Amino acid sequence: METRLDLTTLNEPQVEAVLHGPGPLVVFAGAGSGKTRVIVHRIAHLVLDHGCPAWRILAVTFTNRAAGEMKERLDRLVPGAARDLAVGTFHSTCARLLRRHSQDLRLSRDFAIYDDADQKAMISRVLKDLSLDEKRIPPKMVASIINQAKNEMQGPEDVPLTGLDAERIREVFREYEKRMAKANALDFGDLIYQMVRALEGNEALRMQLAGRFVHLLVDEFQDTNHAQFRLVRALASVNRNLLVVGDDDQSIYRWRGADRRNILDFRRYFPDAQIVKLEQNYRSTKRILRVAHAVIEKNVDREPKQLWTDNPDGSKIKVLRCGSERDEAEIVVRAAREQVSAGKPLRSLAVFYRIHAQSRVLEEALRAARIAYRVVGGVRFYDRAEVKDLLAYLRLVSNPEDDISFLRVVNVPTRGIGKTSIDRLLDDAATQGTGVWAAAKRAAESKNGSPIAKFVELIETLREKAPALLSEGAKPSGEALGLADFARLVLTESGYEKSLTDENTAESDARLENLASLVGSMQEFEDSEGEDRPSVTAPSLATPDDAPSEKPGLLTRFLETVTLQSEPEDANGDKKDQVTLMTVHAAKGLEFPRVIVVGLEEQLFPFRGVNEGEGPEELEEERRLAYVAFTRAEESLTLTWATSRYVFGNLRLGTISRFLDELPLQDIEQRGEGTSPRPFTESPYGSRSSSFGGYGGSSGGGSSGYPSSGSSSYDKGSMPREGSLGYGDGFTRRSLHGIAPIKSEPPKEKEIAGFKKGMKVRHVRYGVGKVYSVEGGTPPTVTVDFPGHGTKQIVAKYLEPA
DNA sequence: GGATTTTTTCTTTTT
DNA sequence: GAAAAAATCC
């Protein structure tokens with residue numbers, strides 16, 4: 001075919017996918033096989049060679065970052081085309097479409113989007129109002145049931161529930177839905193669920209939308225859940241030009257309802273779909289691919305396949321045994337220094353871990369070594385209390401029915417609206433069957449000048465000041481107030497800023513700074529939206545004939561962007577020269593010349609939670625996760641594990657991950673220097689913490705026989721059976737036997753603030769008890785067994801020796 | 001009624 | 001070892 005697009009940089013199957021004609025196509029794209037390249041080239045091809053207007057092409061991704069990257073790369077290929085292209089995550093795309101068609105769907109155009117915390121707050125409210133015990137029916141559990149149900153396109157009436165509390169939970173679900181509707185709020189699951197309901201239940205709407213998008217491209221299709229599949233099916237139902245791309249080996253969101261069958265059985269729903277397989281890897285060395293393959297090939301539920309590459313063998317994969325998580329962090333620091341001394345940028349080094357909690361130690365070490373780093377995800381900026389407070393004010397202005405936001409800020413800063421007044425409001429709302437805002441207005445009317453009346457007035461005044469921000473069509477009255485200016489106004493008028501300024505502590509200063517940076521990001525948003533350049537992550541989804549008045553206001557759009565992206569866009573984030581730290585999940589889709597994966601221990605990676613039975617499915621997903629982690633590396637891959645680690649502030653022994661034991665010996669290089677594993681200095685049994693059970697629990701238990709005398713020499717006799725480093729599973733494992741860990745701390749007899757195990761102590765309330773264990777930490781705590789009161793954890797300073 | 005201090009709980013992974 | 005919840009103090 002004659003093309004204006006340069007296709008000489010693509011291999012044969014890639015070209016096939018790019019030039020594919022009408023009809024469905026599924027591309028199986030292995031790690032590093034040029035998946036994004038294919039999508040971007042195909043879009044460019046559709047625009048350049050078929051003259052398809054960019055706004056009639058919809059590309060859907062899972063993360064904002066992937067959406068952004070797609071736009072960027074398209075813009076380089078076809079300058080200008082990216083502007084009109086509809087690219088976004090599943091969630092942002094649905095949010096946009098729902099707003100645009102809100103009238104048809106009997107939804108408020110300015111509906112709020114509730115994140116997990118908001119959702120949990122709402123569930124707690126419902127539980128309280130139905131007088132159900134949060135201990136018996138934890139909000140978290142209900143949330144997970146509700147989310148799962150929506151992923152499966154089930155509502156309260158058709159979700160299958162079993163168990164004693166099944167009907168109670170169903171009632172909570174039902175009531176939750178009512179409250180959400182009343183609050184003009186949708187949760188994450190709703191965005192997809194409601195959109196699918198709308199499309200499937202409204203023929204005209206489906207024809208309109210599916211007719212509008214001539215081409216539909218979906219990335220990471222292996223991670224779609226049932227609802228998302230139905231969405232794609234509906235949107236592709238008219239033109240059927242559907243391209244889905246994915247790799248079943250990289251499916252890592254089973255817990256979120258992802259179903260690999262969606263890609264594996266794609267032809268069941270689209271029997272005429274063509275199939276293209278991309279199997280050449282351009283990213284990694286041969287050794288890295290072999291090591292990654294060694295882990296993934298053990299999966300039973302998997303299509304056998306193997307990536308190949310023309311790249312060199314590369315250096316051996318380093319497998320390092322460390323004495324503790326601090327030693328692991330030291331490895332990271334050393335690697336960063338090596339980068340610098342080798343004249344390579346820090347940005348080419350990335351560190352992956354299984355869970356966020358592992359980042360702190362790494363951060364501390366890097367900070368101490370004065371090495372620039374950034375953490376992707378983790379403690380989110382938008383999760384900080386002060387940021388949530390300001391956002392709650394803004395949300396309340398945008399949508400006064402938002403009960404959760406109302407309750408969050410009604411007394412922040414304190415304005416004399418205490419528990420009693422709030423309970424009265426809630427009571428009134430419940431008996432009158434209205435939202436809290438309406439109840440507050442009633443209260444304000446009946447009692448002029450009351451604190452509640454003042455608060456209602458505050459919100460209403462703020463609303464009046466920003467008509468242009470609330471509705472795009474509205475004419476700005478007088479001088480138009482900008483988004484950032486408005487936020488500043490909220491901060492002063494509410495007294496929030498003053499309360500922080502008055503506090504005048506290091507912490508309040510930090511909060512003010514965070515608020516300033518939030519306002520700054522609002523300014524940025526305002527500037528980029530003002531130019532009418534669709535922001536990178538927000539698909540415009542606007543057709544030329546859309547009336548402007550249908551467009552939600554700037555404030556609503558900002559709030560949506562903020563909720564649907566977990567962290568503020570940092571335009572230079574990738575450009576700054578710093579080491580990147582993130583979870584393996586966050587790493588999907590990225591690549592780095594040098595990668596370190598830490599914490600490769602049983603129970604941690606593969607992860608095993610508290611009461612999860614170790615089902616084969618879970619383990620297979622952990623393998624895919626490891627596969628994703630390893631295949632991010634281009635040239636150098638280092639894998640570390642630690643023989644001991646603090647979990648929850650308690651020391652746990654770790655055993656080497658089975659994944660490391662499975663690696664081909666000729667491709668790895670093992671190291672571990674220093675002294676013996678750090679012994680237990682406190683009881684691993686029976687203490688409160690051991691009920692956590694998961695990490696290091698049973699399999700580490702056999703290791704408590706380590707000497708607690710400070711032998712610094714490697715004491716073979718004290719090790720568990722020859723050839724097995726304390727694996728409690730009865731398997732003897734080869735490798736790493738006899739290799740001592742890299743550095744380790746000398747054993748210490750734990751004595752915290754003068755307390756030792758076994759001694760008698762006195763407490764003001766509980767009287768005399770016996771010290772069960774000392775925990776350390778800040779503040780130092782001691783577990784004490786008080787006869788008649790049971791075992792308590794007490795901060796050391798409230799105890800005295802008896 | 002509200003702030004402060006103390007105790008308990010919590011942790012996989014994310015839109 | 002932090003955040004939420006509960007208990008206690010003012």
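This is a predicted model, so every value here is computed, not measured. The chains referred to below are lettered A, B, ... by the order of the sequence lines, with proteins before strands, and numbering in each begins at 1. Both backbone and side-chain heavy atoms feed into the values below; hydrogens, waters and symmetry mates do not.
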Taking CG from A:L191 and P from B:dT14, how many angstroms apart are they, rounded to a whole number? 19 Å
Under 4.0 Å, counting only non-hydrogen atoms across every strand here, what does A:D116 touch: a base, just sugar-phosphate, or nothing? base
Starting at CG of A:L98 and ending at P of B:dT15, how long is that distance when rounded to a whole Å? 19 Å
Residues forming a ring-ring contact (aromatic ring centres under 6.0 Å, His included) with A:Y627, sequence neighbours excluded: none
Closer than 4.0 Å, any side-chain N/O of A:K140 to the OP1 or OP2 of B:dT11? yes
For A:K588, answer base if it contacts any base atom (sugar-phosphate contacts may also be present), sugar-phosphate if it contacts only those atoms, and nothing otherwise; contact means non-hydrogen atoms under 4.0 Å. nothing
For DNA chain B, write out the stems as range with range, using runs of 3 or more consecutive Watson-Crick or G-U pairs with both distances under 3.5 Å. B:1-10 with C:1-10
May I have the distance from A:I252 (atom CD1) to B:dT15 (atom P), rounded to whole angstrom? 11 Å
If I pick the C1' atom on B:dT13 and the same atom on C:dA4, what distance separates them, to the nearest angstrom? 22 Å
Which one, B:dT13, C:dG1, B:dT14, comes nearest to the side chain of A:I355? B:dT13
Check whether any side-chain nitrogen or oxygen of A:T583 sits under 4.0 Å from OP1 or OP2 of B:dT14, and answer yes or no. yes
For a quick check of understanding: with a heavy-atom distance under 4.0 Å over all strands, which category does A:G416 fall into, base, sugar-phosphate or nothing? sugar-phosphate
Within this structure, what is the CZ-to-P distance between A:R415 and B:dA3, rounded to whole angstrom? 12 Å
Looking only at side-chain N and O atoms, does A:Q119 offer a donor or acceptor that is under 3.5 Å from a partner on A:N147? yes
For atom C1', what is the distance between B:dT12 and C:dA5, given to the nearest Å? 24 Å
Any side-chain hydrogen bond (donor to acceptor under 3.5 Å, both in side chains) pairs touching residues 383-392 of chain A, not counting sequence neighbours? A:E386-A:N514, A:D389-A:R408, A:D389-A:Y496
Which residue, A:K135 or A:E621, contacts DNA chain B at a nucleotide closer to its 5' end, judged by nearest heavy atom? A:K135
Under the criteria of a ring-centre distance below 5.5 Å and an interplanar angle below 30°, is A:F90 stacked with the base of B:dT15? no
Provide, to the nearest angstrom, the distance between the CD atom belonging to A:E220 and the C1' atom belonging to B:dT15. 13 Å
Could you list the residues that satisfy side chain to side chain donor-acceptor pair (under 3.5 Å) with A:T63, not counting sequence neighbours? none
Round to a whole Å and report the spacing from CZ of A:R65 to C1' of B:dT15. 13 Å
Looking at A:R354 and B:dT13, is any side-chain donor or acceptor paired with a base atom of the opposite kind under 3.5 Å? yes
With a cut-off of under 6.0 Å to the ring centre and 45° to the axis, is A:R99 in cation-pi contact with A:F111? yes
Tell me every residue that passes side chain to side chain donor-acceptor pair (under 3.5 Å) with A:D190, counting only those two or more places apart in sequence or in another chain. A:K150
Can you tell me how far C1' of B:dT14 sits from CE of A:M582, to the nearest Å? 14 Å
Going by atom type alone, with no hydrogens or angles, which donor-acceptor pairs under 3.5 Å involve a side-chain atom of residues 136-146 of chain A and a protein atom two or more places apart or on another chain?
unit_1, atom_1, unit_2, atom_2, d
A:R136, NE, A:D165, OD1, 3.3
A:R136, NE, A:D165, OD2, 3.2
A:R136, NH2, A:D165, OD1, 2.8

Could you check whether A:R645 pairs with A:E328 (Lys NZ or Arg NE/NH1/NH2 to Asp/Glu carboxylate O, under 4.0 Å)? yes
Which one, B:dT14, B:dT11, B:dT15, comes nearest to the side chain of A:A357? B:dT11
Any A:R608 side-chain N or O less than 4.0 Å from OP1/OP2 of B:dT12: no
Do A:D115 and A:Y382 have side-chain N/O donor and acceptor atoms under 3.5 Å apart? no
By nearest-nucleotide position on DNA chain B, the 5'-leaning member of A:G418 and A:H585 is A:G418
Check every atom of B:dT13, B:dT15, B:dT11 against the side chain of A:W255 and return the nucleotide holding the closest atom. B:dT13
Considering every strand and a 4.0 Å limit on heavy-atom distances, what is the contact class for A:I417: base, sugar-phosphate, or nothing? sugar-phosphate
Nearest-angstrom distance from the residue atom CZ of A:R623 to P of B:dT12: 22 Å
Distance check: side-chain N/O of A:T63 vs OP1/OP2 of B:dT14, anything under 4.0 Å? no
